Amino acid sequence: MEKMNQAFEKMKMLVGMEVDEEEQQQESSFLDDFNRNCTLSTKQRLYGFAICLSAGITCTLLSMLVFFHPIKFGITFSFGNLLALGSTAFLIGPKRQVTMMLDPVRIYATALYIASIIIALFCAVYVRNKLLTLLAIVLEFGALIWYSLSYIPFARSMVSKIMASCFDTEF
């Protein structure tokens, strides 16, 4: 019964309904305090989302101009991904963003995506090796796709089945 109540409360949060005050007070944390101090109007949230997302897309597209310079490419591509990822926090709030990212359904995809961004930036900024940076960007791009698919119901299982059927054919 407790799991059902928790699931019901989680669904309320996802659709933007208020949850019980008692439960909110019990789970007071840094993200709760941060959420309370970051109250924005709907118009401000939309502007923040649009600005952050367009800056992320711009950085990602500009990275294509420096494609043959893997270090510059790695930095601008990763920064664009971070901006695009952060843009959704404007729409749904930072606490709900982190909660959704750490959901058991997508925790591995999130960890792989964040790790690949860190690895790409490390290879580009600290190691400054073009081949390692390019490999890290390929990993980051694949992790971005897998992470994005985690938000579409049954998308990852469908892609897995398609990939498995592609490799099962005999030559």
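None of the values given here were measured: they were computed from a predicted structure.
- What you find for M100 and I92 is that their closest heavy atoms are SD-CD1, 3.6 Å.
- If you take CD on E140 and CG on L135, they are separated by 13.0 Å, rounding to the nearest 0.5 Å.
- In this structure, R156 and L149 approach most closely via the heavy-atom pair CG-CB, 3.6 Å.
- Applying the 6.0 Å contact sphere to CE of M163 captures no more than 12 heavy atoms from other residues, nucleotides or ligands.
- Relative ring orientation between F77 and F141 is described as tilted, the plane-to-plane angle lying within the 30° to 60° band.
- One finds the CZ atom of F79 at 10.0 Å from the CG atom of L121 (value rounded to the nearest 0.5 Å).
- Here the shortest heavy-atom pairing between F90 and C52 reads CE1-CB, 4.1 Å.
- Atom OG of S63 sits about 7.5 Å away from atom CD1 of I137, to the nearest 0.5 Å.
- Closest of all the heavy-atom pairs between N129 and L132 is OD1-N, 3.3 Å.
- When all heavy atoms are compared, the tightest approach of R45 to L91 is NH1-O, 3.7 Å.
- Taken from CH2 in W146 to CZ in R106, the straight-line distance is 13.0 Å, to the nearest 0.5 Å.
- Both I71 and V125 sit in one connected hydrophobic cluster of ILVMFWY residues. Membership requires side-chain heavy atoms under 4.5 Å apart, directly or through other members.
- Under the 4.5 Å side-chain heavy-atom criterion for ILVMFWY residues, no single connected hydrophobic cluster contains both Y113 and L139.
- Within a 6.0 Å sphere centred on CZ of F49, heavy atoms belonging to other residues, nucleotides or ligands number more than 12.
- In terms of heavy-atom proximity, L83 sits nearest to G56 at CB-CA, 3.6 Å.
- The structure places CD of Q44 at 11.0 Å from CD1 of I51, a figure rounded to the nearest 0.5 Å.
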